[in-house]
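Single-structure report; data block below.
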Number of protein chains: 2
Amino acid sequence: MKPGPRRSISQADIVDAAFEIFEEKGGDAVSIRGVAARLGLTPTAMYTYFTSKNALQRAMVEQVFSGLDLAAASDPSVAWRTRLRTLAADLRARFAEHPGAVVLVASGPLDGRQALTFGETLLEGFTSGGMPLADAARATAAVRAYVLGAITLDAAAAGADAEAADAPSPLWTEATQHPLTEAAELLGGDDAFATGLDRLLDGFGLPPVA
Amino acid sequence: MKPGPRRSISQADIVDAAFEIFEEKGGDAVSIRGVAARLGLTPTAMYTYFTSKNALQRAMVEQVFSGLDLAAASDPSVAWRTRLRTLAADLRARFAEHPGAVVLVASGPLDGRQALTFGETLLEGFTSGGMPLADAARATAAVRAYVLGAITLDAAAAGADAEAADAPSPLWTEATQHPLTEAAELLGGDDAFATGLDRLLDGFGLPPVA
DNA sequence: ACCTGAACACCGTTCAAGT
DNA sequence: ACCTGAACACCGTTCAAGT
């Protein structure tokens with residue numbers, strides 16, 4: 001079963017292997033050495049494909065963005081607000097599948113091809129409704145910030161839950177100093193992400209949709 | 001000048017030392033061993049103060065939040081929108097002082113005392129204007145997401161600039177596939193952060209301010 | 001209680017050398 | 001061009017032992 005002389009391996013194979021380790025053992029466990037071992041390579045060989053660990057991490061971020069259906073987001077036969085809702089929800093869902101990958105976004109510039117095209121799609125959508133470019137730029141920046149921030153808070157909370165699961169549960173809890181926060185939590189609000197986005201779009205004067 | 005038998009060191013001293021290394025050598029260079037060395041301690045002694053590196057990182061996040069003037073943000077004699085603008089700008093400024101600390105926010109739950117009080121202050125502000133708690137909860141979540149996301153994008157961009165400075169400048173650049181993005185960048189828009197926040201608040205029906 | 005010393009099981013990255 | 005082996009300078013964390 002021993003393979004013949006190894007031909008090669010693609011950058012995509014490496015990114016996939018990295019995500020596998022990510023899912024199995026968490027984000028901190030993704031190492032050049034570990035990924036190399038999984039692929040039957042020497043750590044040194046990895047530097048043939050990526051110049052550094054950071055470069056690999058940025059490729060991972062790109063892969064998350066690359067799953068977005070940007071074609072659908074550009075379809076002018078659907079109201080822009082509707083398309084944007086879908087696009088934002090998709091991005092959120094993709095990061096929810098890779099909890100922990102959010103940290104990678106914060107650790108480097110969002111300047112990959114896919115990430116840039118994502119921004120371009122937003123600008124195109126806003127201007128297509130007649131919004132001046134300067135305003136569309138602000139709307140795009142705001143939407144990017146809102147979506148990324150919401151995703152980050154999701155991931156941070158998911159990490160908290162994971163930790164709490166194997167932590168000893170306290171026998172008593174401090175009387176809360178945050179009564180409103182506690183009351184608000186009981187209200188649930190699963191649609192908070194969508195609602196916030198819609199309010200933001202309202203603020204930018206985007207017409208409502210049926 | 002040799003000190004007498006070492007009495008001890010506070011958790012705050014350790015957090016300060018960690019930030020010093022952060023500023024000097026970047027976020028990746030902050031290590032338990034490095035912080036210990038700076039304080040004249042053995043790495044093992046660090047575990048007397050923090051149970052893990054993660055615990056230290058969360059304390060660093062708390063320290064960034066602890067500089068906020070939450071008292072001013074609760075002053076009812078000023079319009080809530082005005083107070084919120086100031087609070088958001090302050091938080092952004094504090095993270096701009098510690099570029100790279102943003103990653104730490106994403107790497108764990110935002111459940112420190114200061115961070116929770118920050119959220120409580122937002123809820124209080126929104127409800128004080130007569131907004132129902134359920135709506136205030138959504139507005140709070142949206143503002144937290146927007147501010148955190150904007151700060152994250154700031155930090156990521158700052159990291160990009162820092163890298164670009166010592167990278168070889170390319171002799172030629174690919175023709176851009178993103179004409180709108182390029183055109184939008186020329187428009188600048190230094191007030192994008194404030195504008196986006198105001199539009200978000202507009203969307204949530206917060207009354208405008210003089 | 002607080003600290004040290006030694007050790008375990010890892011890291012990212014570089015460099016000379018092989019084919 | 002792509003890969004290996006050996007090495008450098010580090011990591012976080014644990015454990016037994018000292019005072």
According to a strict under-4.0 Å criterion, is Tyr49(A) in side-chain N/O contact with OP1 or OP2 of dC3(D)?
-> yes
C1' gap between dC10(D) and dA9(C), integer Å = 13 Å
What interatomic distance, in whole Å, is found between C1' of dA16(D) and the corresponding atom of dC3(C)?
-> 13 Å
Note on DNA chain D: ranges paired as stems (three or more Watson-Crick/G-U pairs in a row, both atom distances under 3.5 Å) are C:4-8 with D:12-16, C:12-16 with D:4-8
Any chance you could list the contact pattern along nucleotides 6-19 of chain D? Use B for base contacts, S for sugar-phosphate-only contacts and - for none, protein heavy atoms under 4.0 Å, 5' to 3'.
-> -B---BBBBB----
Would you find a donor on one side and an acceptor on the other, under 3.5 Å apart, between the side chain of Arg138(A) and the backbone of Thr195(B)?
-> no
Kindly write out the residues that satisfy ring pair (Phe, Tyr, Trp, His ring centres under 6.0 Å) with Phe22(A), not counting sequence neighbours, or none if the list is empty.
-> none
Listed once per pair and sorted, the side-chain hydrogen bond (donor to acceptor under 3.5 Å, both in side chains) pairs that draw on residues 60-71 of chain A, sequence neighbours left out = none
For residues 29-39 of chain A, pull every pair meeting side-chain hydrogen bond (donor to acceptor under 3.5 Å, both in side chains), keeping only residues two or more places apart or in separate chains.
-> Glu20(A)-Arg38(A), Glu24(A)-Arg38(A)
Apply salt bridge (Lys or Arg N to Asp or Glu O under 4.0 Å) to Arg85(A) and list each qualifying residue two or more places apart in sequence or on a separate chain.
-> Asp198(A)
So, using side-chain contact (heavy atoms from CB on, under 4.5 Å) as the criterion, who are the partners of [X] when residues are at least two apart?
X         : answer
Ala150(B) : Ala145(A), Phe193(B)
Ala55(B)  : Phe50(B), Thr51(B), Ser52(B)
Thr82(B)  : Val78(B), Ala79(B), Val209(B)

